[in-house]
Chemist: 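After the structure tokens below, expect a handful of questions from me.
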Amino acid sequence: STGRFGFGISARFPEGAVEFIKDNKIEGNIFNDNVIGGFLAWRLHPWKKIFIDGRWEVYGEKFLTKYGDSIKHNNLLQGFLKNYNVKIILLNHESMESNKLIPFLYQSKDWKLIYFDSVSSLFVQNNEFFSRLIKQFAKNPSQISKNDLWLDNHPKLLLARGMFLKSLHRYDEALDDANRVIDQFPFISNAYNLRGSIFWEVGMAAKALEDFNRTINLKNTNWIAYLNRGIVYLEQGDLGVDKAITDFNTVLALNPDSEDAYLYRGIVFMKEKLHDKALNDFQRVISLDPSNLQAYNRIGVIYWEQGALAKALYHYDKAVTVNPENSKAYRNRGEFLKKMGDYSKALTDFNSALQIEPDYSEGYLSRGMLYLNKPDPDIAKSLTDIDKAIDLNPEYSEAYFTRAIIYNQKKEYKLVIADLNRVIDNDPDNFYAYNNRGMAHWENGNSELAINDLKKALELNPENTQISRNLSSIQKTD
């Protein structure tokens, strides 16, 4: 079935998904986007009630506000769906809701994708009630990327799939979709924006910048492209500060309610030590999104640096209050409490974070470092937690670096060197790692390798007097 909507763009309705729901007699309340609401009312009435359609006026301002907030802020979605006892979610790939929700739902432990085609995606709750359907029909990324139904030269659908695959870190396949659109429709600005964001995430900043520039040249009102380009400039350090602020200001001129623009501009101000301006921007983020964890955390950092510890703790507490199921909120507060020397409360927060998210590698590292640094260190527990962090994330440089410190205390210098090798492989400019590896080589009896590492560390940080003393001491002894 086909229809027309918006700017004269063909919109196809989810006939396949509806037939799948009927054939499998899938019971439960359904959540849908407004684009397909009318179609679902026609095809599923009276068996199922739709959640929303295009008749905004019949739903009331209060409901529409909650609906919009839940789509905009993923942390509010689960509670919103629970209030309406939603068991099934059906989203059209051309709707704005889909671009935000499909990647989030796919990666959520609470939902499973059991049907998709070129038009729509269908999720059910991940529970015993739907276990048969999940076992029989659950989809994986390979099935999605190879689904020929997408490859019908429909640019919006290709871009939707590309964004989805990017969110799953399947960058080659996402890049394929972006390039396919660019090759056939070189005037579509969002294709360059998608490709630029892929390049950015894989560490190709120069190519990302080129594509964001192309996006803006094609459509100078594309505020998302200005936001993305501003983030690239932000990462360039001092050289990109002015350009970043200009781009974030442009975003806010085009979209005054862009919480991301306020957040990133606040980060620039924070780096420049313009704390009053940074606080204003972070407070504006919170006014737009009262549950924004990054804003609370950065306000806490600013107040902590200013010595306003009560204000800092208030904002860390507030982050936990508005994000009671967010592991990062507890970890952030735990890190603050640890710095304040309140190891008992910090440990409670780290335990809470890991209870919420048992595979949270950063949480294990934080707790492991607490065990290591508290007045009565527990090396065994510290090592167990850091080992777990590395098991969960084998590329976690900070965990290898910390474990090397423990091995050094245990005088296991070969293990120190092995872990610092991993750190340097991931971060070749880490002068601390070269210094520590050099000292481990020295303790292990290899002065030549020790001197080489310390020279490299000094090359990376010529002003570091500790490295100079270490090098001088070994050269004299040697």
Side-chain angles (χ1 to χ4, degrees), residues 1-60 63-72 74 76-78 80-81 83-106 108 111-125 130 133 137 139 144 147 149-164 167 190:
S1 300
T2 60
R4 306 290 290 181
F5 81 105
F7 303 95
I9 299 169
S10 176
R12 290 170 296 173
F13 296 122
E15 181 68 37
V18 167
E19 288 302 314
F20 182 86
I21 291 170
K22 286 184 168 183
D23 289 347
N24 290 281
K25 299 179 175 59
I26 302 178
E27 298 289 344
N29 291 346
I30 190 167
F31 175 94
N32 60 272
D33 59 73
N34 69 293
V35 172
I36 58 175
F39 174 78
L40 295 182
W42 170 56
R43 291 289 279 110
L44 294 176
H45 182 79
W47 177 37
K48 287 190 182 299
K49 291 182 179 179
I50 64 164
F51 196 84
I52 195 170
D53 61 18
R55 299 169 300 155
W56 297 98
E57 67 279 0
V58 306
Y59 293 96
F63 171 82
L64 292 174
T65 298
K66 288 185 176 179
Y67 173 76
D69 287 346
S70 70
I71 291 168
K72 188 177 180 183
N74 292 335
L76 301 179
L77 178 66
Q78 198 63 17
F80 182 72
L81 297 177
N83 286 342
Y84 292 93
N85 197 27
V86 169
K87 305 294 183 185
I88 309 164
I89 299 176
L90 179 58
L91 298 170
N92 180 287
H93 293 145
E94 292 193 5
S95 72
M96 290 183 65
E97 289 92 331
S98 299
N99 292 338
K100 296 177 180 295
L101 293 185
I102 289 177
F104 169 74
L105 293 169
Y106 189 87
S108 168
W111 297 92
K112 284 292 182 182
L113 177 66
I114 61 167
Y115 177 90
F116 73 95
D117 58 21
S118 62
V119 180
S120 62
S121 291
L122 177 68
F123 294 84
V124 294
Q125 277 191 334
F130 291 113
L133 284 170
F137 296 112
K139 303 299 179 186
I144 295 167
N147 181 18
L149 289 174
W150 287 82
L151 307 181
D152 58 357
N153 296 335
H154 194 294
K156 278 199 169 184
L157 299 181
L158 286 167
L159 290 178
R161 185 179 70 172
M163 285 186 280
F164 179 31
S167 75
N190 279 334

Chemist: Indicate yes or no: at least one non-hydrogen side-chain atom of Ile114 is less than 4.5 angstrom from one of Asn24.
Modeler: no

Chemist: List the steps, then state whether side chain to side chain contact (heavy atoms under 4.5 Å, CB included) holds for Trp47 with Lys22.
Modeler: CA-CA 10 Å; Trp47 177 37; Lys22 286 184 168 183; 4.1 Å; yes

Chemist: Nearest 0.5 Å, what's the CH2-CG distance between Trp42 and Leu40?
Modeler: 11.0 Å

Chemist: Working to the nearest 0.5 Å, report the span between CG of Leu90 and OH of Tyr115.
Modeler: 9.5 Å

Chemist: Measure the shortest side-chain to side-chain distance between Ser120 and Ile36 over non-hydrogen atoms and say whether it is less than 4.5 angstrom.
Modeler: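 The answer is no; the side chains never approach within 4.5 Å.
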
Chemist: Give the minimum heavy-atom separation between Ile26 and Lys48, together with the two atoms involved.
Modeler: O-NZ, 3.0 Å

Chemist: Are side-chain heavy atoms of Val86 and Phe51 found at a separation under 4.5 Å?
Modeler: yes

Chemist: Specify whether Tyr84 and Phe63 have parallel, tilted or perpendicular ring planes, treating 30° as the upper limit for parallel and 60° as the lower limit for perpendicular.
Modeler: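 Tyr84 and Phe63: perpendicular rings.
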
Chemist: So, taking the atom named NZ in Lys112 and the one named CZ in Phe137, what distance separates them when rounded to the nearest 0.5 Å?
Modeler: 15.5 Å

Chemist: With heavy-atom distances below 4.5 Å as the criterion, would you say the side chains of Leu122 and Phe20 are in contact?
Modeler: yes

Chemist: Between CD1 of Ile30 and CD1 of Ile89, what distance do you get to the nearest 0.5 Å?
Modeler: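 Rounded to the nearest 0.5 Å, the CD1-CD1 separation comes out at 9.5 Å.
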
Chemist: Of all the heavy-atom pairs spanning Phe116 and Ser121, show the shortest one and how long it is.
Modeler: CB-OG, 3.9 Å

Chemist: Taking ring pair (Phe, Tyr, Trp, His ring centres under 6.0 Å) as the definition, give me every residue that meets it alongside Phe104, ordered by chain and number, with sequence neighbours left out.
Modeler: none

Chemist: Could you report the tightest heavy-atom contact between Gln78 and Trp111, atom names first, then the distance?
Modeler: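 The pair with the smallest heavy-atom distance is OE1-NE1, 3.2 Å.
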
Chemist: Looking at Asp33 and Asn92, would you say the former's side chain and the latter's main chain have a donor-acceptor pair under 3.5 Å?
Modeler: yes

Chemist: Given side chain to side chain contact (heavy atoms under 4.5 Å, CB included), test Leu91 with Leu105 step by step and report yes or no.
Modeler: CA-CA 11 Å; Leu91 298 170; Leu105 293 169; 4.0 Å; yes

Chemist: Using only heavy-atom distances, determine whether the side chains of Tyr59 and Asp53 contain a donor-acceptor pair under 3.5 Å.
Modeler: yes

Chemist: Heavy atoms only: give me the nearest Phe123-Ile102 pair and the separation to one decimal.
Modeler: CZ-O, 3.9 Å

Chemist: Taking side chain as C-beta onward, heavy atoms only, is Glu15 less than 4.5 Å from Phe39?
Modeler: yes

Chemist: Quick check for you: to the nearest 0.5 Å, what is the distance between Gln125 atom CD and Leu81 atom CG?
Modeler: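 Rounded to the nearest 0.5 Å, the CD-CG separation comes to 8.5 Å.
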
Chemist: What's the spacing between Leu133 CG and Lys25 NZ if we round to 0.5 Å?
Modeler: 11.5 Å

Chemist: Would the distance check show the side chain of Asn32 and the main-chain N or O of Ile50 forming a donor-acceptor pair, the cut-off being under 3.5 Å?
Modeler: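 Between the backbone of Ile50 and the side chain of Asn32 there is no qualifying donor-acceptor contact (under 3.5 Å).
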
Chemist: Kindly indicate whether the side chain of Phe80, heavy atoms from C-beta on, has any atom under 4.5 Å from the side chain of Tyr67.
Modeler: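 Sidechains of Tyr67 and Phe80: in contact.
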
